[in-house]
Enquirer: 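One structure follows; several queries about it will come next.
Along the sequence shown, residues carry numbers from 1.
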Amino acid sequence: MRQAGNPFIPEPLGHRAYIGVYLYTTPGGDIQPRRIRWEDGTEWDIDRIIDVRPGVARKAGGAGMRYLVRIGRHERVLYLVDGKWFVEV
């Protein structure tokens, strides 16, 4: 959190929605998310992993791995930070 009067530490603009992720780990140790589960139990299949790279959640804060995925006709960004998966909302 930002300390009062400190202009150098921005406050997050959004928040994290933590999700469950069903994933596959390759023999080489790569993580491939396959399906996500929302808080209410709704699940969606991940049709394609488009990009994986180190990234920063700019709205919600936090640095880790950034997964750009296709779910149906939509592209979504999933973040893996400290062993927890989330999306920015």
Enquirer: Who pairs with Y79 by ring pair (Phe, Tyr, Trp, His ring centres under 6.0 Å), at least two apart in sequence or on another chain?
Expert: F86
Enquirer: Quick check on the hydrophobic clustering: are W38 and Y22 connected, directly or via other members, by side-chain heavy-atom contacts under 4.5 Å?
Expert: no
Enquirer: Following the transitive rule for hydrophobic clusters with a side-chain heavy-atom cut-off under 4.5 Å over Ile, Leu, Val, Met, Phe, Trp and Tyr, establish whether Y24 and I71 coincide in one cluster.
Expert: no
Enquirer: With a 4.5 Å limit on heavy-atom distance, are the side chains of W85 and I36 in contact?
Expert: no
Enquirer: Check whether any side-chain N or O of E88 sits under 3.5 Å from a backbone N or O of R58 as a donor-acceptor pair, and report yes or no.
Expert: yes
Enquirer: Tell me the closest heavy-atom pair linking I50 and V69, and the distance in Å.
Expert: CD1-C, 4.1 Å
Enquirer: Check for a donor-acceptor pair, side chain of T26 on one end and backbone N or O of D30 on the other, with a separation under 3.5 Å.
Expert: yes
Enquirer: Kindly indicate whether the side chain of M65, heavy atoms from C-beta on, has any atom under 4.5 Å from the side chain of V52.
Expert: yes
Enquirer: Please report the closest heavy-atom contact between A63 and V81, naming both atoms and the distance.
Expert: O-CG1, 3.5 Å
Enquirer: For V21 and P33, which heavy atoms make the closest approach, and how far apart are they?
Expert: CG1-CB, 3.6 Å
Enquirer: Can you pull the salt bridge (Lys or Arg N to Asp or Glu O under 4.0 Å) pairs that have at least one residue in residues 39-49, sequence neighbours excluded?
Expert: R35-E43, R35-D45, R37-E43
Enquirer: Please list all pairs meeting side chain to side chain donor-acceptor pair (under 3.5 Å) that have one or both residues in residues 61-72, counting only residues at least two apart or in different chains.
Expert: R70-E75
Enquirer: Is any side-chain heavy atom of L68 less than 4.5 Å from a side-chain heavy atom of L78?
Expert: no
Enquirer: Verify the cluster assignment for I49 and V77: are they in a single hydrophobic cluster under the rule of side-chain heavy atoms below 4.5 Å apart?
Expert: no
